[in-house]
Amino acid sequence: MEMRTCLGRLQRLFCLSTQLNAIEAMTRDLELPNDVLQKVSAKLLDEFNKGLGKETHKSAEVKMFMTYVRDVPNGSESGTFLALDLGGTNFRVLLIDIDGDRFSMQNEIYAIPQEIMLGTGAELFEHIADCLSKFMDKYKVKDKKLPLGFTFSFPCRQEGLTKARLVQWTKGFKCSGVENEDVVQLLREAIKKRRDINIDVMAVVNDTTGTLMSCAHKNKQCRLGLIVGTGTNACYMEKLENVELWDGDQNEPRQVIINTEWGAFGDHGSLEFVRTRYDKEIDSASLNPGKQLFEKMISGMYMGELVRRVLVHLAEENLMFSSKLSEKMKTPYLFKTKYISQIESDPRGVYEEAHSVMVKMDMVGTDDDCESLKLICARVSSRAAHLVSAAVATILNKMKRPHTTVGVDGSVYRFHPRFHALMEAKIAELANPQYKFDLMLSEDGSGRGAALVAAVAVRTKKQKAT
Ligand code: GLC
């Protein structure tokens, strides 16, 4: 009898290891060794240089947009500012008091319903103006004309600090009539139409720029802003001599923040050597096929869906869940990226969170299934962290600064239990050891950063007037 139990256990262990071995082998292309990451980095550097060059800009995958933000805050900024932050699943309005190094702020979050995300541009900007008016009412500033910083986190070709043409929507937005238009103009028009509020748009910034500015406000070494959230992107301070397309003045400081828009890396084929069948499936079923291919391998909008597609494939191959898939599991985007963080937060050999996610997905699974689920989550999230690390290392190696602080924001970086540690280790392996770095979590970077850019603009305007 004992002999039989023992045999049964052995058989189970054997089955588990063959199942896991098979799954391990089938998902191995999600693991990117350093030589592959170095190749990614070399290709990205090529695209960065193409994006910055006059002749090559047009054909570059990565557009390296000039932001017209030329300096980080110097600590003498002050005043009361409004900020709008549009770019993810929520829209925020902020009221910020800046007094040198100190600041205080209040903010409200407003949802952007799906029908607005996919509706007309006019409706989107009316909604924004409506939220702004409600906010100003609530915080009793409706009678004031306050300077405003607008964080608009989509790829824009800027023509100045207050002029930004949307190149294309990303991250699930697709409002008609906005691409190619100046979003500041659209905002001003929507506000004017209401006649109940008055504001002064001082700057439009990307969330990466906001993050860089708000981290630089606290840490003088910050020159790189990074987002790993719904989307992914980075900006950094570049010397004017490297920006062939620079059309502004040549005054000091001879530098400008470049919004890389690295989410589009791979859009002309550079990443085919690392893209898997799951990446291709996600892309072709998306709202913007062929676009934002690097982003689709990394960001929070897609990571959960990547895991779901791997799981569906493995179940179909008879390797998981006894091949039974619930309706929820078959539905695109129902497996949320936050589930990955949850599942990976269980210690080794514990499957509490994994089981609770399975319940949410109406799935039935054994501990063995949970072990495989954990492996898949870890592979997808580590790949994302490693790709971002390769991209950060590319910028550090390009900037050649002895020490750079990287300001980081975004839900994936913030909430995934291993993302920070994975990045710290991998950047250290891929960046030249001469160029030291640290990763600093940004506190409310994007909104506060927009107010800081507005504050710097107000300060410079005042200085010019005197
Ligand atoms: C997308 C946008 C980019 C933004 C990033 C992070 O990649 O195109 O502008 O910075 O998401 O929110």
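Each residue takes its place number in the sequence, starting with 1. Every number for a ligand or one of its atoms is a count from 1 in the order of the listing.
Shown are K296, K291, R277; of these, the salt bridge (Lys or Arg N to Asp or Glu O under 4.0 Å) with D283 is made only by K296.
Within the 4.0 Å heavy-atom shell around ligand 1 one finds G231. Note on ligand 1: T230 sits outside its first shell, no heavy atom being nearer than 4.0 Å. Within the structure, ligand 1 has P155 among the residues with a heavy atom less than 4.0 angstrom away. Note on ligand 1: G87 sits outside its first shell, no heavy atom being nearer than 4.0 Å.
Annotation: N259 places no N or O atom under 3.5 Å from an N or O atom of ligand 1; distance criterion only. Polar contact with ligand 1: present for N233 (N/O pair, distance under 3.5 Å).
The cationic atom of K398 (NZ for Lys, CZ for Arg) does not lie both less than 6.0 Å from the six-membered ring centre of F48 and within 45° of the ring axis.
Summary of contacts: the protein heavy atom closest to atom 3 (C) of ligand 1 is E261 OE2, 3.3 Å. The protein heavy atom nearest to atom 12 (O) of ligand 1 is D207 OD2, 2.5 Å. Closest to atom 11 (O) of ligand 1 among all protein heavy atoms lies K171 NZ, 3.1 Å. Here the heavy atom of the protein found nearest to atom 7 (O) of ligand 1 is E295 OE1, 2.4 Å.
Contact atoms of ligand 1 toward T170: 1 (C), 2 (C), 8 (O) (distance under 4.0 Å to a heavy atom of the residue). Within ligand 1, counting atoms from 1 as listed, the ones closer than 4.0 Å to a heavy atom of I227 are 6 (C), 12 (O). Close contacts of ligand 1 with N206, meaning ligand atoms under 4.0 Å from a residue heavy atom, involve 3 (C), 4 (C), 9 (O), 10 (O).
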Show the numbers, then the answer: is there a side chain to side chain donor-acceptor pair (under 3.5 Å) between D279 and T276?
CA-CA 5 Å; D279 299 305; T276 64; 2.8 Å; yes
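Ion pairing of K63 with E261 is absent here, as no side-chain N (NZ or NE/NH1/NH2) approaches a carboxylate O to less than 4.0 Å. The residues K43 and E47 are annotated as not salt-bridged, no charged nitrogen and carboxylate oxygen being separated by less than 4.0 angstrom. The pair E189-K192 does not meet the salt-bridge criterion, since no charged nitrogen lies less than 4.0 angstrom from a carboxylate oxygen.
No more than 12 heavy-atom neighbours from other residues, nucleotides or ligands sit within 6.0 angstrom of CD on E55.
For Y333, there are no ring pair (Phe, Tyr, Trp, His ring centres under 6.0 Å) partners two or more places apart in sequence or in a different chain.
Y68 and W246 have tilted rings, their planes meeting at an angle from 30° to 60° on a 0 to 90° scale.
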